[in-house]
Student: 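So that we are looking at the same thing, I have put the structure below in structure tokens.
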Amino acid sequence: MSDAIKHECGVALIRLRKPLSFYQEKYGSAFYGIEKMRLLLQKQRNRGQDGAGLATIKLDPKPGEKYISRKRSVATNYLDDLFDQVYYHFNKLKDFQQDAKWLKDNKPYMGELLLGHLRYGTHSDNSIETCHPFLRQNNWISRNLLLAGNFNMTNVDELFQELVDLGQYPKEKSDTVTVLEKIGHFLDDEVQRLHTWYKPDGHSNIQINDLIYDNLDIQRLLRRACKKFDGGYVMAALIGHGDAFVIRDPAGIRPAFYYADEEIVVVASERPAIQTSMTVSFHDIKEVKPGHVLIIRKNGSLEEVPFIEPREITPCSFERIYFSRGNDRDIYLERKALGKKLIPQILESIDYDFENTVFSFVPNTAETAFFGMIEAIYDSLNVVKTKKIQALMENGPVDELELQKIMSLKPRIEKLILKDAKIRTFIADSQTRGKLVSHVYDITYGLVKNGVDTLVLLDDSIVRGTTLRDSIIHIASTLKPKKIIIASTAPQIRFPDCYGIDMSKMGEFVAFKALVKLLEENNKMNLLQETYVKCKEVEFSSAALAENQVSRLYESFSYQEISDKIAEIVTPPGTNTDIEVIYQTIADLHEACPNHKGDWYFSGKYPTPGGGRVANRAFINYMEKKDVRAY
């Protein structure tokens, strides 16, 4: 992705199903859980570069003993810093202190339950307070709640008001705190329900605690707590006495996977992280079902049950295009397919002129799709060769030199553009700063024939187009190609995201800028005002009635017209080279990623009722010139 955007978060949960002494004897270390957690977070660091956190819970503590430990970091080297602080407690241990039981009794972080998180903040400040896991403390062990998640809610205002109506005073108005308090409230209620149920039977309060551990109905409390959640989410939680759970939204927008054997249960946002950390195969790992909760009981038992009304399953396609690491087998193959799907449009544009076309990619995240593009190029070239040979044979005896010329034809595939070191521009004036930013990328000289070659550059997506204009096309045009074609494996990004990707300001999207330009050039600017009025009419309607009003604006122009106008917008001033932008179609996206049909940022078809309301708010903000998020 040439335009940097913040997105998603990473979650990891571990439940050790054996005593710590088991891992010390079998694997030679009582720190088995901590070591596995560190590896899980390390292998998901693409999902969070603003901070990291770790929390642990010890099973069966005695009253007065600390059983919950938590550490978070927002340092530049956040993962190293986090685990340096954890391991600090174990420096210079004496021999007798290496014993697993002694460590659990005397040191923090030696719990059987571990919860880790990587934060990629889409908004708010980047401080320790915004780092997960969040902790809701209580003197009753079964009312303590640790929560970490990868989520965004579209209806935080509504959920917050429900808490206020209950008589609560939440410490801040954010989706994380709101969700924590929402689940915490119903956890308290469930604990109290059980206490009230068992008390008349003559059980002591201590005995009732044990009964609560065995009978806490997590499915029931989540059905009540999450009933009105509108968003994309995966949330992992630990309850003080030793239960744990992971919930996934009913549309399956955010990803979650798990592995379980007789020794351990592991949950993570990405499958390869589990494969690497546990040395298990692709087939051993399961996906948490949309709309289900994975419950791990204090006794180590595991079950997966529904907790919310089902929806149409529409997992986020951007996970496949860009966000998730490409070493997942399915994602790798899908990204290659995305590259292949663009070839018919590209070959038509270059008129099948392989001799005078150079193929390359930018940035590095587009490399896997480029491999797929290369395969499709060779396949297409073989068809061209076959036709030329057939034509040669129809004209009498085959000329050996002519045949050799056909057989030697091959695509020109080069690494032309490279990401250079980040240039610090804070002391430069605006004009100088612009010139420096244009050199964020560097190029390989001498491979492009001046005024003859067409340069095809593959990108995985184009959000704002500023990096494309100010850096990539600017630097590529210095090679003096006849034409530059930018091919995007993602379709046109037209609408805001509200489920965890930092794309909430409609006026920043280059596709929307192209739409506005076309409306202006075709004397249709009145449609903007008409749409604004419609958006205002439904602004405070229920989410279910707040249909996306902005989609109709795009119906005025074809997909190609929008692409052509985007090409004009991303052409740097003074550039003499022709610029063309080719986008993946939504239909081809769905063919390449058949199990991830979530495409609301391309199509405007949101999977939850709150999505349309967010799109309308983003448009209202644009019209009212408000530089704020739409949710």
Side-chain angles (χ1 to χ4, degrees), residues 1 4-14 31-57 66 68-93 107-111 113-137 146-152 171-172 174-177 180 234-238 267-270 273 276-277 323-325 364-365 419-427 440 500-502:
M1 182 176 284
I5 59 171
K6 292 188 175 184
H7 57 87
E8 315 305 333
C9 287
V11 178
L13 183 149
I14 290 176
F31 304 104
Y32 180 82
I34 296 175
E35 291 163 358
K36 291 298 183 185
M37 177 57 72
R38 182 168 192 169
L39 190 54
L40 279 170
L41 294 179
Q42 182 69 25
K43 293 302 178 182
Q44 296 185 100
R45 64 191 182 280
N46 57 297
R47 302 192 72 86
Q49 297 174 19
D50 292 332
L54 170 69
T56 64
I57 287 181
K66 184 177 181 180
I68 297 177
S69 300
R70 182 175 61 145
K71 187 64 66 176
R72 297 172 293 176
S73 174
V74 291
T76 305
N77 57 335
Y78 54 96
L79 273 179
D80 288 340
D81 181 63
L82 173 67
F83 284 94
D84 283 348
Q85 293 183 70
V86 171
Y87 286 129
Y88 168 80
H89 296 277
F90 307 101
N91 290 339
K92 300 178 182 179
L93 291 176
K107 290 291 184 179
Y109 305 105
M110 297 303 296
L113 290 89
L114 301 93
L115 181 59
H117 187 263
L118 294 153
R119 181 173 187 268
Y120 227 148
T122 55
H123 68 287
S124 76
D125 64 330
N126 187 31
S127 64
I128 285 290
E129 286 72 25
T130 58
C131 267
H132 301 204
F134 274 52
L135 172 61
R136 190 176 191 264
Q137 288 184 293
L146 282 156
L147 180 75
N150 171 20
F151 62 92
N152 264 100
K171 63 180 182 180
E172 63 178 88
S174 70
D175 51 4
T176 307
V177 171
L180 178 72
V234 165
M235 302 176 199
L238 309 180
V267 183
S269 296
E270 297 193 19
T276 300
S277 62
F323 294 146
S324 292
R325 288 169 74 114
N364 291 341
T365 50
K419 188 73 175 282
D420 207 350
K422 198 167 188 176
I423 298 174
R424 303 186 72 180
T425 60
F426 60 90
I427 60 171
V440 168
I501 308 171
D502 186 19

Student: Nearest 0.5 Å, what's the NE2-CZ distance between His117 and Arg47?
Tutor: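 Between atom NE2 of His117 and atom CZ of Arg47 there are 9.5 Å.
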Student: Might you point out which heavy atoms bring Glu129 and Phe134 nearest each other, and give the distance in Å?
Tutor: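 That closest heavy-atom pairing would be O-CZ, 3.2 Å.
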Student: Name the residue from Leu82, Ile128, Asp84 that meets the side chain to side chain contact (heavy atoms under 4.5 Å, CB included) definition with Lys71.
Tutor: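 Among the candidates, only Leu82 passes.
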Student: Are any non-hydrogen side-chain atoms of Glu35 and Ser277 less than 4.5 angstrom apart?
Tutor: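 The answer is no; the side chains never approach within 4.5 Å.
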Student: Please report the shortest heavy-atom distance between Ala236 and Leu115, naming the atom on each side.
Tutor: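 Of all heavy-atom pairs spanning Ala236 and Leu115, the closest is CB-CD1, 3.6 Å.
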Student: On the 0 to 90° scale, with breaks at 30° and 60°, tag the Tyr87-Phe83 ring pair as parallel, tilted or perpendicular.
Tutor: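 It falls in the tilted class, 30° to 60°.
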Student: So for atom NZ, which belongs to Lys36, do other residues, nucleotides or ligands contribute more than 12 heavy atoms lying within a distance under 6.0 Å?
Tutor: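 Buried by this count: over 12 neighbours within 6.0 Å.
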Student: Donor-acceptor pair, distance only, cut-off 3.5 Å: does the side chain of Arg119 make one with the backbone of Thr130?
Tutor: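 Between the backbone of Thr130 and the side chain of Arg119 there is a qualifying donor-acceptor contact (under 3.5 Å).
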Student: Are more than 12 heavy atoms from other residues, nucleotides or ligands located less than 6.0 Å from atom CD of Gln137?
Tutor: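 Not buried by this count: 12 neighbours or fewer within 6.0 Å.
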Student: Distance check, rounded to the nearest 0.5 Å: Ile14 atom CD1 versus Ile34 atom CD1?
Tutor: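 These two atoms lie 9.5 Å from each other.
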Student: Parallel, tilted or perpendicular for Tyr109 and His89, by the 30°/60° rule?
Tutor: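 Tyr109 vs His89 ring planes: tilted.
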Student: Spell out, as yes or no, whether a donor-acceptor pair under 3.5 Å connects the side chain of Gln44 to the backbone of Glu270.
Tutor: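 Yes: the side chain of Gln44 pairs with the backbone of Glu270.
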Student: How many angstroms lie between CG in Leu113 and CG in Leu238, if you round to the nearest 0.5 Å?
Tutor: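 Leu113 CG to Leu238 CG: 5.5 Å, rounded to 0.5 Å.
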Student: Would you mind checking if Arg38 and Asp80 are paired as a salt bridge, meaning a charged N to carboxylate O distance below 4.0 Å?
Tutor: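 Yes, Asp80 and Arg38 are salt-bridged.
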Student: Going by heavy atoms in the side chains, are Leu147 and Arg136 under 4.5 Å from each other?
Tutor: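 Leu147 does not reach Arg136 side chain to side chain.
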Student: Looking only at heavy atoms, what is the nearest atom pair of Gly48 and Tyr78, with distance?
Tutor: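 Nearest pair, atom of Gly48 first, then Tyr78: O-OH, 2.6 Å.
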Student: Give the minimum heavy-atom separation between Tyr120 and Cys9, together with the two atoms involved.
Tutor: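 What the structure gives for the nearest pair is N-SG, 3.4 Å.
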Student: Heavy atoms, side chains only, cut-off 4.5 Å: are Ser73 and Gln85 in contact?
Tutor: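 Answer yes - side chains close enough.
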Student: When rounded to the nearest 0.5 angstrom, what is the spacing between CE in Met235 and CG in Leu13?
Tutor: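 Rounded to the nearest 0.5 Å, the CE-CG separation comes out at 14.5 Å.
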Student: Do you know which two heavy atoms are closest between Ala273 and Leu40, and how far apart they sit?
Tutor: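 Closest pair (atom of Ala273, atom of Leu40, distance): O-CD2, 3.6 Å.
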Student: Could I get the full list of side chain to side chain donor-acceptor pair (under 3.5 Å) partners for Gln42, not counting sequence neighbours?
Tutor: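 For Gln42 there are no side chain to side chain donor-acceptor pair (under 3.5 Å) partners, ignoring immediate neighbours.
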Student: Decide yes or no for Met110 and Thr56: does some side-chain heavy atom of the first lie under 4.5 Å from some side-chain heavy atom of the second?
Tutor: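 Heavy-atom side-chain distance check fails, nothing below 4.5 Å.
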Student: Quick check: does any side chain N or O of Arg70 sit under 3.5 Å from a backbone N or O of Pro133, one acting as donor and the other as acceptor?
Tutor: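 Here the side-chain-to-backbone pair exists.
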Student: Are Cys131 and Val74 packed together at the side-chain level, in the sense that at least one heavy-atom pair is separated by less than 4.5 angstrom?
Tutor: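 A side-chain contact under 4.5 Å exists here.
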Student: Find the distance between OG1 (Thr176) and CG (Asn152) and round it off to the nearest 0.5 Å.
Tutor: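 Thr176 atom OG1 to Asn152 atom CG measures 8.0 Å (nearest 0.5 Å).
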Student: Just wondering, do Phe323 and Asn46 contact through their side chains at under 4.5 Å, heavy atoms?
Tutor: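 In short, these two side chains do not touch, never coming nearer than 4.5 Å.
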Student: If I take atom CD1 from residue Ile68 and atom CG from residue Leu146, how far apart are they, to the nearest 0.5 angstrom?
Tutor: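 These two atoms lie 5.5 Å from each other.
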Student: Do Val11 and Val267 have side-chain heavy atoms sitting under 4.5 Å apart?
Tutor: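 When only atoms from C-beta onward are counted, Val267 and Val11 do not touch, as no gap falls below 4.5 Å.
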